[in-house]
Amino acid sequence: MTVYATLCTLAALAMMIAFINSKVGRLQMTIAITAGALMLSLVIVIAGKTGWFSLKSVAAEAIDRINFETFLLNGMLGFLLFAGGLGIKLPNLKAQKWEIATLALAGTLISTLIIGAALWQFFRLIGVEFDLVYCLLFGALISPTDPIAVLAIVKKMKAPEQISVQIEGESLFNDGFGLVLFVTLFAIAFGGEAPTLSGITQLFIREALGGILYGLALGLLFHTLISSTDDHSMELLLTLGIPSGGYVLASALEVSGPLAMVVSGIIIGNWTRHTGMSTETREHLDSFWELVDEFLNSVLFLLIGLAMLTFTFHQEDWILMVVSIPVVLAARYLSVRLCYLGFARFRQYNPLSVTILTWGGLRGGLALAMAMSVPSGVVVVASKGIDVREILLVMTYSVVVFSILVQGSTIAPLLNRANDWEANRDYADTQAEVA
């Protein structure tokens with residue numbers, strides 16, 4: 001089966017699961033697709049073990065042929081982040097720029113260090129020789145919240161505006177810093193030379209700041225192009241040019257494509273939408289990109305569920321999968337809590353903010369793609385052939401699946417309580433003004 005045929009088959013399967021869920025289930029679509037794919041994977045694995053039928057090798061080969069890492073990082077990601085940027089309201093973003101910047105930078109770094117230190121101590125406790133740099137590498141890839149998962153699940157559950165802006169803004173902007181951390185630790189772990197401070201600084205400037213500046217230039221260019229035509233179809237086609245050609249050019253320029261897509265999406269969604277588009281395009285822009293977003297998310301979350309077929313599990317892996325979930329959650333809570341100790345000195349926040357940012361800090365395909373980029377062959381448990389890549393992959397997969405299925409499906413009550421608090425506060429303020 002060709003790559004195109006495989007993708008068409010997966011897309012059809014994702015649509016089928018989504019349709020069935022719309023008729024008989026009440027789960028959010030991406031959660032339902034991930035759960036359906038995971039159950040299908042388990043059926044295939046169990047059937048192969050019992051001798052009923054054997055499809056695991058065929059399915060695993062088909063998924064490997066797609067190359068999940070390349071498919072997401074060099075393909076779908078640009079479209080998904082651009083769609084996310086379109087929905088960001090710039091005034092709300094400006095109002096909480098310091099909170100978002102602190103969570104994206106300091107929060108990610110603190111979480112990485114906590115996860116790395118905790119896992120290193122755990123590996124020493126169970127007698128497995130696993131270097132600290134590998135533990136920190138896992139912390140770097142799992143600490144940034146995944147903008148795709150957050151926007152696909154949490155955003156649609158109507159969180160209070162203040163919390164919604166923080167969690168969406170953080171997830172969209174922490175990729176740049178998370179990437180610098182991951183690339184730096186990756187070079188230390190698997191490169192021939194240890195990176196220098198000047199090298200790390202240059203990497204951050206090129207990737208993060210370069211991505212933001214490139215996104216500004218790209219957004220302004222396409223704003224001009226879109227403003228120069230009143231053709232409805234051409235205006236929508238031009239928006240497609242940003243996450244396709246613009247994202248490819250970002251890779252060639254070695255700047256952060258994800259950050260560029262977010263920035264250009266914000267420009268098109270907040271400026272071009274109101275001043276450079278025809279009335280017909282403004283009416284159809286959101287529905288058009290929502291359709292693109294839903295379709296690509298369906299395929300992505302299906303691949304996340306089916307990715308289990310490509311892994312080889314050992315007994316030690318199951319222990320690490322169970323341990324990694326509370327470690328990551330604890331690190332997320334502590335990093336957010338520490339940031340809020342500073343925030344609370346300048347502004348009042350919803351008392352459930354830390355809890356929601358912790359439980360709603362979802363992980364998804366981006367973390368899995370980074371884990372898949374780790375080279376194989378660095379053996380940790382020689383007797384069973386367990387290497388660093390396998391350990392990082394299974395820990396990442398357990399956190400991602402737990403994040404989507406458990407956190408994503410149980411955060412609604414927290415959001416409802418937060419909305420009730422906001423409503424009570426507004427009522428109290430109104431009564432005080434009347435009095």
Side-chain angles (χ1 to χ4, degrees), residues 88-118 136 139-147 150-151 154-155 159-182 184-185 197 200-201 204-205 207-209 211-212 256 258-259 262-263 266 326-363 403 407 411 414-415 417-419 421-422 424-426 428-429:
I88 293 293
K89 293 180 174 60
L90 192 57
N92 295 339
L93 200 66
K94 286 181 178 179
Q96 298 197 74
K97 57 182 180 294
W98 297 116
E99 289 93 332
I100 291 170
T102 303
L103 288 167
L105 298 175
T108 301
L109 178 60
I110 293 169
S111 176
T112 298
L113 294 174
I114 293 173
I115 291 171
L136 291 171
L141 69 88
I142 206 66
S143 289
T145 53
D146 190 300
V150 169
L151 294 173
V154 175
K155 183 180 180 181
E161 184 178 279
Q162 187 183 63
I163 296 175
S164 178
V165 171
Q166 286 183 13
I167 197 167
E168 292 170 31
E170 179 202 5
S171 67
L172 285 167
F173 284 101
N174 63 10
D175 291 324
F177 187 59
L179 177 64
V180 172
L181 277 178
F182 180 77
T184 302
L185 291 166
L197 180 60
I200 295 172
T201 304
F204 181 79
I205 292 174
E207 285 282 347
L209 298 183
I212 292 173
S256 174
L259 284 176
V262 173
V263 172
I266 290 173
V327 168
V328 171
L329 281 173
R332 172 68 177 172
Y333 174 81
L334 290 172
S335 62
V336 173
R337 187 68 180 172
L338 287 172
C339 291
Y340 262 82
L341 289 177
F343 298 165
R345 300 181 63 183
F346 305 98
R347 188 183 297 180
Q348 183 185 19
Y349 295 92
N350 192 301
L352 290 170
S353 294
V354 174
T355 305
I356 291 174
L357 282 168
T358 300
W359 202 246
L362 307 181
R363 276 73 174 186
S403 171
Q407 293 174 231
I411 195 172
L414 285 174
L415 298 179
R417 287 170 56 193
N419 282 317
W421 185 88
E422 296 283 347
N424 292 334
R425 185 187 64 175
D426 293 341
D429 290 344

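All heavy atoms count here, side chains included; hydrogens, waters and symmetry mates do not.
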Sub-3.5 Å donor-acceptor pair from the side chain of S335 to the main-chain atoms of S111, do we have one?
no

Please check: side-chain N/O of R363 versus main-chain N/O of T145, any donor-acceptor pairing under 3.5 Å?
no

Can you name the nearest heavy-atom pair linking [X] to [Y], along with the distance?
{"X": "L185", "Y": "L136", "result": "CD1-O, 3.4 Å"}
{"X": "G169", "Y": "L93", "result": "CA-CD1, 4.3 Å"}
{"X": "L172", "Y": "P147", "result": "CD2-CB, 3.9 Å"}
{"X": "I163", "Y": "A418", "result": "CD1-CB, 4.3 Å"}
{"X": "P144", "Y": "T108", "result": "CG-CG2, 4.0 Å"}
{"X": "Y340", "Y": "S353", "result": "OH-CB, 3.4 Å"}

With a 4.5 Å heavy-atom cut-off, do [X] and [Y] have their side chains touching?
{"X": "L352", "Y": "W421", "result": "no"}
{"X": "I115", "Y": "S143", "result": "yes"}
{"X": "I100", "Y": "V165", "result": "yes"}
{"X": "F343", "Y": "L103", "result": "yes"}
{"X": "Y349", "Y": "V354", "result": "no"}
{"X": "L329", "Y": "Q407", "result": "yes"}
{"X": "L415", "Y": "I356", "result": "yes"}

Between atom [atom1] of [X] and atom [atom2] of [Y], what is the distance when rounded to the nearest 0.5 Å?
{"X": "I142", "Y": "S403", "atom1": "CD1", "atom2": "OG", "value": "8.0 Å"}
{"X": "N174", "Y": "L105", "atom1": "CG", "atom2": "CG", "value": "9.0 Å"}
{"X": "N419", "Y": "L414", "atom1": "CG", "atom2": "CG", "value": "11.0 Å"}
{"X": "Q96", "Y": "T102", "atom1": "CD", "atom2": "OG1", "value": "11.0 Å"}
{"X": "I88", "Y": "F173", "atom1": "CD1", "atom2": "CZ", "value": "7.5 Å"}

Can you name the residues that form a salt bridge (Lys or Arg N to Asp or Glu O under 4.0 Å) with R332, not counting sequence neighbours?
E170

Between Q166, Q162, E168, which is the residue that forms a side-chain hydrogen bond (donor to acceptor under 3.5 Å, both in side chains) with S164?
E168

Before you tell me yes or no, could you show the steps for E161 and E422 under side chain to side chain contact (heavy atoms under 4.5 Å, CB included), namely the whole-Å CA-CA distance, both residues' side-chain angles and the distance that decides it to 0.1 Å?
CA-CA 10 Å; E161 184 178 279; E422 296 283 347; over 6 Å; no

Not counting sequence neighbours, list each pair that qualifies as a salt bridge (Lys or Arg N to Asp or Glu O under 4.0 Å) and has a residue in residues 336-346.
none

